[in-house]
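In what follows, a structure is listed as C-alpha cells, so that the remarks can point back to it.
None of the values given here were measured: they were computed from a predicted structure. Note on naming: letters A, B, ... go to the chains in the order of the sequence lines (proteins, then strands), and numbering restarts at 1 for each one.
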Number of protein chains: 2
Amino acid sequence: MADTPVLDPNLIREVGASCVCMRVQRAGRAIGRRFDQAFRDLKLNNWQFTLLMWLASTEAPSVNDMATQMAMDRTTMTRNLRVLERRGLLAIQPDTRDGRVKRVALTDPGRSLLAQAAQRWRATNEAVKRDIPAAALPGMWEALDAIAPT
Amino acid sequence: MADTPVLDPNLIREVGASCVCMRVQRAGRAIGRRFDQAFRDLKLNNWQFTLLMWLASTEAPSVNDMATQMAMDRTTMTRNLRVLERRGLLAIQPDTRDGRVKRVALTDPGRSLLAQAAQRWRATNEAVKRDIPAAALPGMWEALDAIAPT
DNA sequence: CCTATAATGGTGCATATGCACGTATATGCA
DNA sequence: TGCATATACGTGCATATGCACCATTATAGG
C-alpha cells in the first residue's frame, strides 16, 4: 500500500481561516487594481506612482536602495526602472565615485506627471480608507510594517 | 511661461506616510517571498499553495469562482491554472450542463503535495505571526478583509 | 601591488498580473 | 422560433516578479 499523506480537513479549514500570506496578497491585488484604475489615463500603474513619489522625496538613491525600500528584488527594480526611463520620467546615471553604482533621479516630466496624479491618489486613498473600519486601520498599519519593515 | 504643475513637498510626505496601496503591496511582496522559500523544494509558490488549498475545500468551482475568491483577474486565473494542470495537480473539465463553464478539481497527486506542504505552511505562518505585534493582528485581518471582501 | 572577497547591477528564464478584444454558449423577450 | 444581450472563457500584449547565474568594480589583507 502506498502511504500517501492524507490531507486533514481541519488543516484545510485552518489555512483558509488563518493564512496571513493569502490575506495580504489578495488584498494587494484588489487594492492595486483600484489604484491602477485611478491612474489609468496617465498611463501610470500603482507601482510606478509609488516609486516616482518615493523618488521625489529622496536624493538620487541607488538601484539597491530603491529595491530595499520597496521590498522588491533588485533585478525586478532594474527592469521596472527601464520602463520609466524610456518614458523620460526618470534618469539613470552611473555614480561618479563608485563605478558599480547607478543613481536614479526624477526628471521634470516625471515631477509634472506626479503632480497630475496627486489628486487621483488622494481621492482613491481616502476612498479606500473609508472602506476600512477606522478602528482597524492602526493595527493594519503596524502589522504591515512589521511584515515589511521600512 | 508653461504652468507646469508643482509638486508640493507636503504631498510627498503625505503619500509616504499614508499610502495604503504602497503598504499592502510592499508587505505582499515580502510575505510572498517568505512563503515561496518555504515551499521551494516542492516547486510550489505561495500563490499555488493558496489556490490548491482552497480547491481542497471546495466542490469543483468554476474558473470564475476561483478568480473571484482570490481577488484576481479571470484571465490570470486561466493561465495560472494551466501550470498546475500540466503538473497533474488539478484537473479541468467542461461542465456537463453549461458548455461555457469549466470546473476545476484537485487530483490525488495534488492532494498528496498539499499534505507535504502543510507543515511548512504552518511553521511559516506561525513565524510571520510572531513577527507581528499580537494587538495589531485583529485589525490587520479586519482591514484586509474590508479591502478584498471574502 | 596583487589577489581573494564583497558589493552592485544586469540577463535568461519561468511564472504572475491585468486589460482589450475575441469566441462560444446560454438566456430573455418579441 | 429568432435575435439581442449577458455570461464564461480564451488570446495577444505589456508589464511585474523572483531566482540562478554572470560581469564589473571596490576593498581588505598579505
Side-chain angles (χ1 to χ4, degrees), chain A residues 21-22 25-41 43-51 60-68 70-87 89 92-104 148, chain B residues 21-22 25-41 43-51 60-68 70-87 89 92-104 148:
Chain A
C21 186
M22 186 273 216
Q25 299 256 9
R26 189 174 61 179
R29 281 189 294 269
I31 201 172
R33 277 200 302 275
R34 200 158 167 181
F35 278 81
D36 283 351
Q37 281 166 22
F39 298 133
R40 173 139 335 135
D41 59 334
K43 301 193 188 304
L44 266 188
N45 63 32
N46 75 83
W47 179 88
Q48 294 169 329
F49 174 79
T50 298
L51 180 128
S62 71
V63 174
N64 229 342
D65 293 338
M66 306 188 72
T68 303
M70 312 270 287
M72 172 179 292
D73 189 85
R74 196 178 35 73
T75 66
T76 303
M77 180 60 70
T78 293
R79 269 179 266 248
N80 293 1
L81 286 176
R82 213 127 58 190
V83 178
L84 297 168
E85 190 190 22
R86 273 204 301 272
R87 286 178 64 186
L89 301 176
I92 308 177
Q93 299 283 341
D95 188 283
T96 48
R97 301 188 179 185
D98 189 331
R100 297 168 303 180
V101 175
K102 294 201 175 175
R103 305 223 162 260
V104 186
Chain B
C21 186
M22 186 272 216
Q25 299 256 10
R26 190 175 61 179
R29 281 189 294 268
I31 201 173
R33 277 201 301 273
R34 198 160 169 179
F35 278 81
D36 283 351
Q37 280 165 21
F39 299 134
R40 174 140 335 136
D41 57 335
K43 300 190 188 306
L44 267 187
N45 63 32
N46 74 83
W47 179 88
Q48 294 168 330
F49 174 81
T50 299
L51 181 129
S62 71
V63 174
N64 228 342
D65 293 339
M66 306 187 73
T68 302
M70 311 270 288
M72 172 179 292
D73 190 84
R74 194 182 38 72
T75 65
T76 303
M77 180 60 71
T78 294
R79 269 178 266 246
N80 293 0
L81 286 175
R82 213 130 55 191
V83 177
L84 297 168
E85 190 190 23
R86 274 205 301 271
R87 286 179 62 185
L89 301 176
I92 306 177
Q93 299 283 341
D95 188 282
T96 49
R97 301 188 180 184
D98 189 331
R100 297 169 302 180
V101 175
K102 293 199 175 176
R103 304 222 163 261
V104 186

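For R74(A) against dG10(C), a side-chain N or O and a base N or O form a donor-acceptor pair under 3.5 Å. Counting distance only, with no hydrogens placed and no angle test, the side-chain atoms of S62(B) and the base atoms of dC9(D) include no donor-acceptor pair under 3.5 Å.
Atom CG of D98(B) and atom C1' of dT27(C) are 10 Å apart (whole Å). Rounded to an integer number of Å, the gap from CG of D95(A) to C1' of dG10(C) is 17 Å. In this structure, R97(B) atom CZ and dT7(D) atom C1' are separated by 18 Å, rounded to whole Å. In this entry the distance linking CD of Q25(B) with P of dG18(D) reads 11 Å, nearest Å. Between the P atom of dA8(D) and the CD1 atom of I92(B) lies a distance of 17 Å, rounded to the nearest Å. For the pair F39(B) CZ and dG18(D) C1', the computed distance is 16 Å after rounding to whole Å. Nucleotide dA20(D) holds its P atom 11 Å from the NZ atom of K43(B), rounded to whole Å. The distance from atom NZ of K102(A) to atom C1' of dT24(D) is 11 Å, rounded to the nearest whole Å.
R82(A) contributes no side-chain N or O that, together with a main-chain N or O of M77(A), makes up a donor-acceptor pair within less than 3.5 Å. Side chain of T76(A) to main chain of M72(A): no donor-acceptor pair is present (N/O by atom type, distance under 3.5 Å, no hydrogens or angles). Looking at R103(B), its side chain does come within 3.5 Å of a backbone N or O of A60(B) through a donor-acceptor pair.
D95(A) has no carboxylate O lying under 4.0 Å from a charged side-chain N of R97(A), or vice versa, which leaves the two without a salt bridge.
The side chain of T78(A) contributes no N or O atom lying less than 4.0 Å from OP1 or OP2 of dG9(C). OP1 or OP2 of dG9(C) has at least one side-chain nitrogen or oxygen of N64(A) nearer than 4.0 Å. Distances shown here put a side-chain N or O of R33(A) below 4.0 Å from the OP1 or OP2 atom of dG18(C). Contact annotation: R40(B) side-chain N/O to dC19(D) OP1/OP2 distance is under 4.0 Å.
D65(A) and T68(A) form no side-chain donor-acceptor contact under 3.5 Å, judged by distance and modelled atom types alone. At a cut-off of 3.5 Å, with distance as the only test, a side-chain donor of T75(B) or D73(B) sits close to an acceptor on the other residue. Side chains of N45(B) and D36(B): a donor-acceptor N/O pair is absent below 3.5 angstrom, by distance only.
The side chain of T75(B) lies closest to dC19(C), out of dG10(C), dC19(C), dA26(D).
Between R100(A) and A30(B), it is A30(B) whose nearest contact on DNA chain D lies nearer the 5' terminus.
R82(B) comes within 4.0 angstrom of the backbone, heavy atoms only, and of no base.
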Report all interatomic pairs (protein N or O, nucleotide N or O of nucleotides 13-16 of chain C) with separations under 3.5 Å.
{"residue": "dA16(C)", "atom": "OP1", "partner": "N45(B)", "partner atom": "ND2", "Å": "3.0"}
{"residue": "dA16(C)", "atom": "OP2", "partner": "N80(B)", "partner atom": "OD1", "Å": "3.4"}

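If you check dC22(D) for Watson-Crick or wobble pairing at under 3.5 angstrom, you find it paired to dG9(C).
Atom CH2 in W47(B) sits 8.0 Å away from atom CZ in R29(A) (nearest 0.5 Å).
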